[in-house]
Amino acid sequence: MPGNRGTSGEVREATVCPRPNDGISALLHAGFDVTDAVIVSTLRHDGHTTLAELAKLTSLSASSVQSRIQKLERRGVLTGCRYQVNYDAVGLGVSAFISVLPLDYEKEEITPDLLKQLEGVVSCYSVSGEPSYVLLVRVPSTQALEDLLTTIHKTVSAATRSMVILKPYFRDLF
C-alpha cells in the first residue's frame, strides 16, 4: 500500500477488522485506501480507540495515524466524537417511528422545522413515496407517545401512522 511503509521500506498492509458489515468494503469501493478504511471503521465502532491501538491495527506509527485522522477530519469524513445515550436509563424507554404525510402541501417545506421543535422527536427523514417524512421519537411511555401524536397534529396538518419499536436487533452497523 503506498505510504504505508515500515522502517526498512517494506510495504505493510493494514489489519482488517473482523466485524461483519463494518463498512470497510463500502469505504474501499468509495475510493478509500485500506488504512483509512480501517481507521474510519474502527473509530465508527469505538470512538475511544487510542492512537496506539489504531497504530497496531494499521501497522503505522501513532503519529502517522494521528496525521491520517486529521486529514480525514479536514475532508469531513470524521466529524467528531460523541457518546451514545441509553434511552431506557434516562427514562425514554418507548421508541417509535412515525410516518408523516402533510395534508397542506404549501407548508410541506417547513414541516421538518416545525417538527424539530417538538419534545421527543429525535430524527426526521425525508423519504420517497408516501409518506413524506419518517420521524424517530423517544418518549417515556405510550401515553407520552399518544400526547406527542396529538401535538404533531396540532403543529402540522398531517396524516400520521406510528410503529412502536419493540426491540432493536441491531443499528448503526456502519
Side-chain angles (χ1 to χ4, degrees), residues 16-27 29-30 32 36-54 57 69-70 72-174:
V16 177
C17 303
R19 290 187 309 274
N21 196 14
D22 57 11
I24 289 178
S25 294
L27 290 165
H29 184 71
F32 287 81
D36 282 349
V38 169
I39 290 170
V40 170
S41 175
T42 303
L43 290 175
R44 172 73 176 94
H45 178 72
D46 181 2
H48 290 293
T49 305
T50 66
L51 290 175
E53 291 168 326
L54 288 169
L57 283 172
I69 290 171
Q70 290 168 344
L72 290 164
E73 288 173 336
R74 283 193 299 274
R75 288 175 44 202
V77 175
L78 298 175
T79 59
C81 297
R82 63 185 183 145
Y83 286 99
Q84 297 210 8
V85 175
N86 177 340
Y87 290 100
D88 289 328
V90 297
L92 299 173
V94 176
S95 299
F97 294 113
I98 300 174
S99 64
V100 179
L101 178 62
L103 300 176
D104 183 353
Y105 292 101
E106 290 181 12
K107 295 184 179 177
E108 183 173 13
E109 191 173 296
I110 63 168
T111 297
D113 290 329
L114 296 171
L115 296 171
K116 184 179 186 178
Q117 307 305 316
L118 303 182
E119 189 71 31
V121 174
V122 175
S123 303
C124 177
Y125 302 93
S126 175
V127 296
S128 63
E130 200 174 294
S132 299
Y133 307 102
V134 174
L135 305 177
L136 171 61
V137 302
R138 299 191 191 280
V139 292
S141 64
T142 54
Q143 179 61 52
L145 177 60
E146 185 177 356
D147 294 344
L148 178 57
L149 287 165
T150 300
T151 303
I152 289 170
H153 290 124
K154 288 179 181 178
T155 304
V156 296
S157 176
T160 61
R161 294 182 84 175
S162 59
M163 297 166 278
V164 174
I165 299 169
L166 300 176
K167 175 181 174 182
Y169 285 98
F170 58 84
R171 63 169 210 227
D172 297 333
L173 287 177
F174 181 74

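Counting begins at 1 with the first residue of the sequence.
Separating the CG atom in Asp46 from the CD atom in Glu53 is a distance of 7.5 Å, to the nearest 0.5 Å. Rounding to the nearest 0.5 Å gives a distance of 9.0 Å between CD of Glu130 and OG of Ser99. Rounded to the nearest 0.5 angstrom, Leu103 CG and Thr111 OG1 are separated by 9.5 Å.
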Can I get a per-line list of side-chain donor-acceptor pairs under 3.5 Å for residues 72-91, giving both atom names and the distance, sequence neighbours left out?
residue, atom, partner, partner atom, Å
Gln84, OE1, Arg171, NH2, 2.7
Asn86, OD1, Asp88, N, 3.1
Asn86, OD1, Ala89, N, 3.2

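The minimum heavy-atom distance between Leu148 and Leu118, with the atom names listed, is CD1-CB, 4.2 Å. Across all their heavy atoms, Val164 and Ala96 have their closest contact at CA-CB, 4.0 Å. In this structure, Leu101 and Ser132 approach most closely via the heavy-atom pair CD1-OG, 3.9 Å. For the pair Ile24 and Ser41, the tightest heavy-atom approach, listed with the atom from each and the gap, is CG1-CB, 3.7 Å. Closest approach of Ala37 and Leu27 over heavy atoms only: O-CD1, 3.6 Å.
Looking at Ile98 and Val121, their side chains never come closer than 4.5 Å, going by heavy atoms from C-beta outward.
Using modelled atom types, one side-chain atom of Tyr133 and one backbone atom of Glu108 make a donor-acceptor pair closer than 3.5 Å.
The stretch residues 136-158 participates, sequence neighbours left out, in these side-chain hydrogen bond (donor to acceptor under 3.5 Å, both in side chains) pairs: Ser95-Arg138, Gln143-Asp147, His153-Thr160.
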Open item on the list: Under the criterion side chain to side chain contact (heavy atoms under 4.5 Å, CB included), I'd like the reasoning laid out for Phe97 against Leu135: C-alpha separation, chi angles, the key distance, then a yes or no.
Closed with: CA-CA 5 Å; Phe97 294 113; Leu135 305 177; over 6 Å; no
